[in-house]
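Here is how names work: the chains are called A, B, and so on, in the same order as the sequence lines, proteins then strands, and each is numbered from 1.
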Amino acid sequence: MGKLTTIDWVLNRVHDETVLMIGGFLGVGTPDSLIDGIVKKGVKNLTIIANDTCYPGMGIGKLVVNKQVKKLIVSHIGTNSETGRQMTAGEIEVELAPQGTLAERIRAGGAGLGGVLTPTGLGTVVAEGKKTIIANGKEFLLELPLRAQVALIKAYKADTRGNLLFRSSSRNFNPLMAAAADYVVAEVEHFVPEGDISPNEVMTPGIFVDNIILQEVYDNAVEVGKGGA
Amino acid sequence: MGKLTTIDWVLNRVHDETVLMIGGFLGVGTPDSLIDGIVKKGVKNLTIIANDTCYPGMGIGKLVVNKQVKKLIVSHIGTNSETGRQMTAGEIEVELAPQGTLAERIRAGGAGLGGVLTPTGLGTVVAEGKKTIIANGKEFLLELPLRAQVALIKAYKADTRGNLLFRSSSRNFNPLMAAAADYVVAEVEHFVPEGDISPNEVMTPGIFVDNIILQEVYDNAVEVGKGGA
Amino acid sequence: MKPKEIIARRVARELRAGNVVNLGIGIPTLVANYLPENMDVELHSENGFIGLGPVPQEGHEDADVINAGGQHVTINTGGAFFDSAMSFAIIRGGHLDITVLGALEVDEQGNLANWMVPGKLVPGMGGAMDLTVGARKVIVAMEHNAKNGSAKILKKCRLPLTARKEVDLIITEKAVIEVTEEGLVLKEVAPGFTVEDVRNATEAELIVSSELKEMAV
Amino acid sequence: MKPKEIIARRVARELRAGNVVNLGIGIPTLVANYLPENMDVELHSENGFIGLGPVPQEGHEDADVINAGGQHVTINTGGAFFDSAMSFAIIRGGHLDITVLGALEVDEQGNLANWMVPGKLVPGMGGAMDLTVGARKVIVAMEHNAKNGSAKILKKCRLPLTARKEVDLIITEKAVIEVTEEGLVLKEVAPGFTVEDVRNATEAELIVSSELKEMAV
C-alpha cells in the first residue's frame, strides 16, 4: 500500500487557498509536524476548519500568527488573542459554530448526509441566514455538511493499511475529519505492521486514510496544559 | 452502581404496546436471552425497531412467530417468511427503511437531532409522505429520528459501570440503540469489574446503559450461519 | 462456463487494486472468486466491516462474523469492524468505489429495481438503496433475461425503484452495457452472441459503441 | 468564604449520585471540590470523555488528557474516551443531567448570554450553546453582579444569546433563583443578605417563594 510518506509529499497537496481540516482541541490531538511544515512552506489564504486556534505560538495558532489563514470555521477563538486581533482588524474571516454543530457538520460531510437538524443555536445569531425546519412539531436549524480538500489529523498509532488508534482526549475531531476530506493524512506516534491492530480495536478504518507521516519528536505536554490554565 | 440484574427485572419494563429497539443483524448481536424472556412473558402488540426479523425460529423471529408484534420498523424481512405472511395477511404493520437511513434515524434519536437529510430513497416509494429539502442545490429526503421506550442490546463484555465492548460483526446497531431509548439493557457474555475495560477501549460509555444481564449459554453459531446460506 | 460464472468473471475485471467494493448477495458474491491473486481489493460488508475474507472451513465458524447475507465468513488481517452508522457513512459518504448488485429490472435511464415485486415478494431494501445511491460506481450483475425469457433491461422499469438514475454499468452473460446520458451503450458482446442476439433479448434501445468489443471472460 | 466558594458549594448540593454533569470553565469547575466524598457523579468533559478526575500532580501530567479549558486533568477508573460527535450526542441527546455554566447575563425568561460582547470580546461559543440546549437541567453559577456592580440578572438579556429559555436555576453568592413559567422565583437568600438586598442587586422582577429559605452553603 505504501501509505507512509514524508511531510514534503503531503505538502504537495497544500497550496494557497486550500481548504483544510485540522484535528485537535486546544492543541491536543493536533498534527504538529504537519503544521510546522505548512509554516515552513508559507502557503497563504488557507481556510481552516478546526475546533479552535489553540494558543498564539502553538498548534493551529502558528498558522494564524504567521498570517497564512484567510478564513476560519471554528467553535472557539478565545485562547488565541492574535486570532481575535486579526478578526477585529478584518484580516481574517471567522465563522463561529457551536462545537456540537461543528462536529455534526463534519460528520455529515463524511457520511454523505445533506445536513442535520439541530436545536442548538435557535434564537441566537447562529440561526441567522439558516433555514428553520419544523420536524415532529418542533423547531430546528438546518446545518449543512462541511468537507475539506485536505484533512490533517493526529493519531496515536497507525498500521500499514492506515487503520488508526487515537489516545485519550486527543481523539476529539480527528475520526470525524478522517472521513470528510478528499485527501486525508494522519500524523502518528507509532507505525506498526498490518495485523498489529485488531479489527475490533480499529477506531478509524484505513480506507479513510491516504497517507501517514511519523510525528517528529515533541514534548510540549506541560506547556499545552499550562497554556489553558 | 448495581447495574447487573435479572431478566425478570428487565421484563418489568416490557409490556403490551411497548416500543422496543432490538440489536442484531440476522441474529448476530441479538440479545437472545432477553428475547426468550419476552416470549415466555407473552406480552403482545409490541413495536419493534430492528434491522431485520432474523429467521422464523430464531432471534427476533421468535417474537414474530409467537404473534407478539404489532408493528415493525426494519430494513429487511426477506429471511423470515412468517413476517411476510403476517404482513400480507394484514396481521402486522411493516415500515421498511433503507438500512443506512434506519441507522441514521436511530443515531439521530440518541444524539438529539431533529432529523437528517439523506439522498437515499429519492424517487422511490421510501420518499412517499416525506419532506424533500433542497440543500446546497441538491435534493434530499428529511428522515426523522427514532427512539424507543426500551432498547435491548447485545454486547460482548460489560464492566460494573455499564461500559461496553462489542465483538466483530455483532456490533452493528447495538451502539446506536444504546443511546436512543429511555431504558437500555445490555445482555453480555462477560461481566467484569470497573477498570478492566480501559477508557480508550470503551465502545459504548456506561452512562447509556441502565441494566446489564448475563447471557444464558447459547451455541447457535453454526445454525445462525446456515440459516442465511 | 455457466452464465453466473461468465458474469462474475467479467465483473472481476472492473475492479482495481485499492478499490473499496461491496458485493451484493447472489452472483455479485461470486466475483470475489475471480479476483487476481494478491490483488488488494477491500471488500466491505454492510453489516459492519471492511476486509471481508473467504468462507471459513466447516467447524471453524466464528458466531460473530457473518456477511450481509447471514453466512459465516472471515475477516482479513488489517480489516476493521464498525457499527452500522459507520458502515453506511462509508457507503453514503462516497468512500465506496464500487457496488455490485443483482437486479430484477434496469432501464435506459439507469434506474434500478431489485427490492420488491408488489403482491408477491417484499423482502425489503436492506442496504441496497444506500449502496446504489452512495457508491461511486454502480455495477448491475445479472443474467440478461428472466427465467421465463422476458427482458430485464427495459425502456422504463415497471417495478418499484431501488434508486433513480444511479446505475453505471450492466454486466450479463451476453453483454456489457454502459449507462450514458445518451442512453444504453453496448460496449461488449459475449463470445457466441451477435449484436442482434443481444438486441432481441433486450427491451431497451441499445446504442452500439463505435469501439464494440468481444466480452472478455 | 469567598463568593466563588459560596456559589460552588451551593451548586454542589444540586448534584445527585448517578448524575451525569458537565461543569463549565471558572466557578463551575470549582463545584467538583465540594462534592461529598464517594458521591458517584459522572463528570463529562466535552472535549471527549466521561469520568473527569482531579488535576494531576506536577510532573504527572498526561499530554493527551486535558479538560475543555485546556488544563491537564485525569480520568477516573471506569471512565471512557470518545470523539467529539459522541461527546455532543451525549449533550444534545438528553444524556446529560446537569450543566453548570457561568453567565454574563441571564433574564426573566431563562435566556442566557455568556459567549460574546460585541466589539469587545468574541471568544466563541465553544460547547456552551449545545450544553445549554441539550442538558436536562441548566444551572447558571455566577457572581450576582458584574465587577462594576451592574445587574446581570435582567428583565431581558442585552447581549447576544447563547440559548433561548433554557436556564432552570441561577445560583449566586446572594441567592438561589428558579426560572419558572411565571418568572424568576427567589427560593433562597444567603446568610447576611435580605430579600431587599437581592432585589436591589437584581434588575429582573423577583417573585418571593412562599417557601423562601436561607441559602445553605
Residues, nucleotides or ligands: over 12 heavy atoms within 6.0 Å of [X] [atom1]:
X	atom1	result
B/Lys44	NZ	yes
B/Lys131	NZ	yes
B/Glu17	CD	yes
B/Lys130	NZ	yes
B/Lys41	NZ	yes

Checklist entry - Which pair of heavy atoms, one from D/Ile75 and one from B/Pro199, lies closest together, and at what distance? => result CD1-CB, 3.6 Å
Checklist entry - Can you find a heavy atom in the side chain of D/Asp40 that is under 4.5 Å from one in the side chain of B/Arg161? => result yes
Checklist outcome for this item: Pair count under 4.5 Å, heavy atoms only, with chain D: among B/Gly195, B/Ala179, B/Pro145, B/Ala108, highest is B/Ala179
Item to check | Best-contacting candidate, B/Asn200, B/Asp159, B/Thr204, against chain D by heavy atom pairs under 4.5 angstrom | outcome: B/Asn200
Item to check | Qualifying ring pair (Phe, Tyr, Trp, His ring centres under 6.0 Å) pairs with a residue from residues 23-67 of chain D, counting only residues at least two apart or across chains | outcome: D/Phe49-D/Phe81
Next on the checklist: Can you tell me how far apart CG (B/Asp196) and OG1 (D/Thr77) are? Round to the nearest 0.5 Å.
Outcome noted: 10.5 Å
Checklist entry - What distance do D/Met86 atom CE and B/Arg107 atom CZ have between them, rounded to the nearest 0.5 Å? => result 8.5 Å
Checklist entry - Please walk me through it: do B/Glu194 and D/Asn76 pass side-chain contact (heavy atoms from CB on, under 4.5 Å)? => result CA-CA 10 Å; B/Glu194 178 180 309; D/Asn76 295 325; over 6 Å; no
Checklist entry - Which bit of D/Ala17 is near chain B, if near means a heavy-atom gap under 4.5 Å: side chain, backbone, both or neither? => result neither
Checklist entry - Quick one: which residues of residues 89-118 of chain D reach chain B at under 4.5 angstrom, heavy atoms only? => result D/Ala89, D/Ile90, D/Arg92, D/Gly93, D/His95
Item to check | Side-chain (B/Asn163) to main-chain (D/Ala80) donor-acceptor, under 3.5 angstrom | outcome: no
